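Remarks on the structure that follows.
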Amino acid sequence: MSPADLIITNANIITMNSEQPRASAVAVTNGRISAVGSVEDVADLAGEHTEVVDFEGGILSAGFVEPHSHVLLMAMLLAPQVSDCRSFNAPTWRNIEDTIAERVASTPVGQPILIYGLDPIVHDHPMPSRQELDAFTTDHPLVVIALSAHTISANSAAFDFSGITATTPDPPGGRFGKAADGSLDGVVHEATAVAMTAGPLLAAVDFDLVASLRDQAAALARAGFTTVGELLVQDQDIPVIGAIKTMPDFPIRLRWYEGTNPTMKATGQAGDTDPMVRQTGLKLWVDGSPLEGKILSSEPFLDTKVTRDMGITAPCCGSANYSEEELLTIVRAYAESGLQFACHVQGDAATDRILNVYETVLTERGMLGTDHRWRLEHCGESTKAQFERAASLGVTCSMFVRHVYYFGDTYVDDILGEDRGSHWMRLRSAIDSGVRISLHHDGYFTPPLPIGNLETATTRISKSGRARGADECITIDEAMNASTTNAAWHLFSEDEVGSIEVGKFADFTELSADPYSVAPGELEQTVTVLGTWLNGKRIDHS
């Protein structure tokens with residue numbers, strides 16, 4: 001065997017390989033792992049030009065894998081030209097009003113103003129109406145984007161800029177809110193309609209999207225991720241994906257999913273093998289965000305000020321973006337591509353809807369029992385029986401467990417009640433049902449911190465310190481698998497990344513402490529990410 005390019009020795013290596021869970025040394029040749037084991041096991045691979053790194057007992061883990069992010073949206077929504085008014089930057093609606101006023105005063109007439117991060121619950125203010133935003137300005141196209149990005153508010157100038165009128169048809173899966181007289185009320189619902197309204201404004205803002213995209217990819221790498229799933233690429237984003245492929249120093253691997261569109265034709269086909277950037281699947285949405293009352297449940301929401309501010313009139317079980325028949329038409333059409341499906345679903349009634357569709361199409365195509373890995377995303381209200389059904393169909397689930405930390409109290413007190421709210425994101429039930437879950441952050445929605453996911457998955461403690469559905473906790477090993485090997489499997493990348501094994505890419509994450517040796521409730525304060533490696537090269541985060 002030829003000499004290694006790199007040997008890391010005297011390390012505490014968390015391999016995530018069940019057959020060899022720990023090691024003290026790893027060798028890398030041509031960007032791939034060529035040996036794993038003891039210091040003695042790799043010693044013979046040292047040559048004249050081998051770089052030897054003494055880790056001095058430090059922790060080296062398989063690189064974390066983020067199976068569901070939105071790097072493109074992060075690049076747009078968190079660009080300097082967009083005002084970041086998430087609650088940790090702008091705690092009150094008054095702060096957002098002040099930001100809008102400042103932007104109006106400093107922005108030339110006719111140029112767009114974009115405000116991101118309104119959380120109607122935390123900011124205690126509903127999505128503003130067209131008239132409310134017109135009061136700030138009619139000389140600038142102005143949009144306020146909700147934290148979830150499932151909903152925006154627009155002023156009259158923004159609708160004019162984007163060519164949206166009261167007679168513009170609702171796109172599939174989206175809706176333009178209307179007042180009683182049929183005019184646009186200013187609120188735009190779900191991705192397809194949001195893209196039609198805000199997309200032209202974002203395109204007109206003067207910033208370097210590719211540079212911003214690289215900044216956000218670097219932020220994900222600093223957080224500890226080495227491979228990331230980009231869960232919404234639209235037709236206009238394809239050139240940007242092409243630009244990423246030409247970057248020699250892009251700091252993460254990207255696996256991307258294109259959004260469905262009215263043509264119901266995929267731009268690509270299954271089978272791409274690019275090791276850095278490649279299309280993996282398709283993305284669609286059954287329902288929306290629970291924080292906006294847009295999930296489809298079998299039981300009604302609570303009747304509280306929060307739900308009334310969402311526009312919910314009790315009793316109400318929410319809504320979905322598509323009927324079952326519409327979903328069936330979409331999935332049948334796109335299934336021809338051979339690409340994997342990843343479907344956003346939160347409410348339990350919505351889960352039944354998409355499982356019905358998946359089962360029908362999988363049966364029609366003779367795919368039951370095959371390794372298709374069609375996915376469900378988030379699965380907030382999904383039940384044990386639904387996870388069992390998913391497992392029987394070969395459907396897998398990626399879960400947004402950090403909801404429990406940030407929003408668990410709101411779900412219990414204001415939206416769903418004790419039992420449903422506390423058991424939001426049933427990780428234990430999913431695993432016990434045979435589902436090979438992964439954990440994710442959804443990009444811009446919450447800070448992408450894999451160690452935070454580990455802590456929430458193993459403790460289910462909300463931000464206020466209250467336990468929420470402790471019977472749905474999972475072990476640290478299950479949480480680590482959901483953040484590495486399982487996540488890689490979800491992205492059809494398990495032969496490349498997710499564990500430190502011979503033949504895989506040398507993608508590592510350095511940690512300040514061993515998560516297996518830290519009390520679950522102390523993970524986030526004790527374990528920090530010190531660096532990442534891609535192809536056996538340490539990423540420069542300076």
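Note that the coordinates shown come from a computational prediction; the quantities given were computed from them, not determined experimentally.
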[atom1]-[atom2] distance between [X] and [Y], expressed to the nearest 0.5 angstrom:
X      : Y      : atom1 : atom2 : result
Leu376 : Ser398 : CG    : OG    : 10.0 Å
Ile100 : Cys85  : CD1   : SG    : 7.5 Å
Asp124 : Asp309 : CG    : CG    : 6.5 Å
His344 : Leu231 : NE2   : CG    : 11.0 Å
Ser153 : Ile115 : OG    : CD1   : 12.0 Å

*Between Met276 and Leu254, is a side chain to side chain contact (heavy atoms under 4.5 Å, CB included) present by the stated rule, with each step listed?*
CA-CA 6 Å; Met276 284 298 296; Leu254 208 63; over 6 Å; no
Stacked cation flag [X] on [Y], 6.0 angstrom / 45 deg:
X      : Y      : answer
Arg373 : Phe492 : yes
Arg436 : Trp489 : yes
Arg402 : Tyr405 : yes

Spell out, as yes or no, whether a donor-acceptor pair under 3.5 Å connects the side chain of [X] to the backbone of [Y].
X      : Y      : value
Ser438 : Ala487 : no
Thr456 : Gly452 : yes
Ser297 : Pro300 : no
Ser493 : Leu491 : yes
Arg332 : Leu327 : no
Gln234 : Glu258 : no
Arg278 : Asp274 : yes
Asn155 : His140 : yes
Lys178 : Ala166 : yes
Gln340 : His490 : yes

Apply the side-chain contact (heavy atoms from CB on, under 4.5 Å) test between [X] and each candidate in [options]; give the one that qualifies.
X      : options                : result
Ile415 : Leu302, Val306, Ile295 : Val306
Phe225 : Leu220, Leu449, Val65  : Leu220
Asn453 : His441, Glu66, Met399  : His441

Beyond-backbone contact of [X] with [Y], side-chain heavy atoms, under 4.5 angstrom:
X      : Y      : result
Arg420 : Glu299 : yes
Glu472 : Arg460 : yes
Phe301 : Met310 : no
Pro120 : Met127 : yes
Asp413 : Glu418 : no
Leu77  : His70  : no
Gln81  : Ile113 : no
Phe176 : Ile164 : yes

Do [X] and [Y] have side-chain atoms, one donor and one acceptor, less than 3.5 Å apart?
X      : Y      : result
Asn356 : Glu324 : yes
Ser83  : Arg103 : yes
Arg375 : Tyr257 : yes
Glu292 : Thr151 : yes
Asp119 : Ser87  : no
Asp348 : Ser298 : yes
Gln346 : His378 : no
Ser462 : Arg468 : no
Asp139 : Thr137 : no
His125 : Glu132 : yes
His440 : Ser69  : no
Thr92  : Arg94  : no
Ser162 : Thr197 : no

In terms of relative ring orientation, are [X] and [Y] parallel, tilted or perpendicular, with 30° and 60° separating the classes?
X      : Y      : value
Trp285 : His150 : perpendicular
Phe407 : Tyr411 : tilted
Phe341 : Tyr334 : perpendicular

*asked:* Under the criterion side chain to side chain contact (heavy atoms under 4.5 Å, CB included), I'd like the reasoning laid out for Trp256 against Ile238: C-alpha separation, chi angles, the key distance, then a yes or no.
replied: CA-CA 10 Å; Trp256 60 273; Ile238 299 298; 3.8 Å; yes
*Start with the C-alpha distance between Met367 and Trp374, add both sets of side-chain angles, then the distance that settles side chain to side chain contact (heavy atoms under 4.5 Å, CB included), and finish with yes or no.*
CA-CA 11 Å; Met367 294 174 65; Trp374 288 8; 3.8 Å; yes
State, to 0.1 Å, how close [X] and [Y] come at their nearest heavy-atom pair, and which atoms those are.
X      : Y      : answer
Val194 : His189 : CG2-C, 4.4 Å
Asp134 : Ser156 : OD2-OG, 2.7 Å
Leu133 : Pro128 : CD2-CG, 3.8 Å
His403 : Pro290 : CE1-CG, 4.1 Å
Pro448 : Pro450 : O-CD, 3.7 Å

*Ion pair check, Arg466 and Asp409, cut-off under 4.0 Å*: yes
*May I ask you to say whether Lys265 pairs ionically with Glu336, meaning some side-chain N is under 4.0 Å from a carboxylate O?*
no
*Could you tell me which residues satisfy side chain to side chain donor-acceptor pair (under 3.5 Å) with Thr446, sequence neighbours excluded, listed by chain and number?*
none
*Could you walk me through whether Leu114 and Val205 pass side chain to side chain contact (heavy atoms under 4.5 Å, CB included), step by step?*
CA-CA 9 Å; Leu114 296 111; Val205 173; 3.1 Å; yes
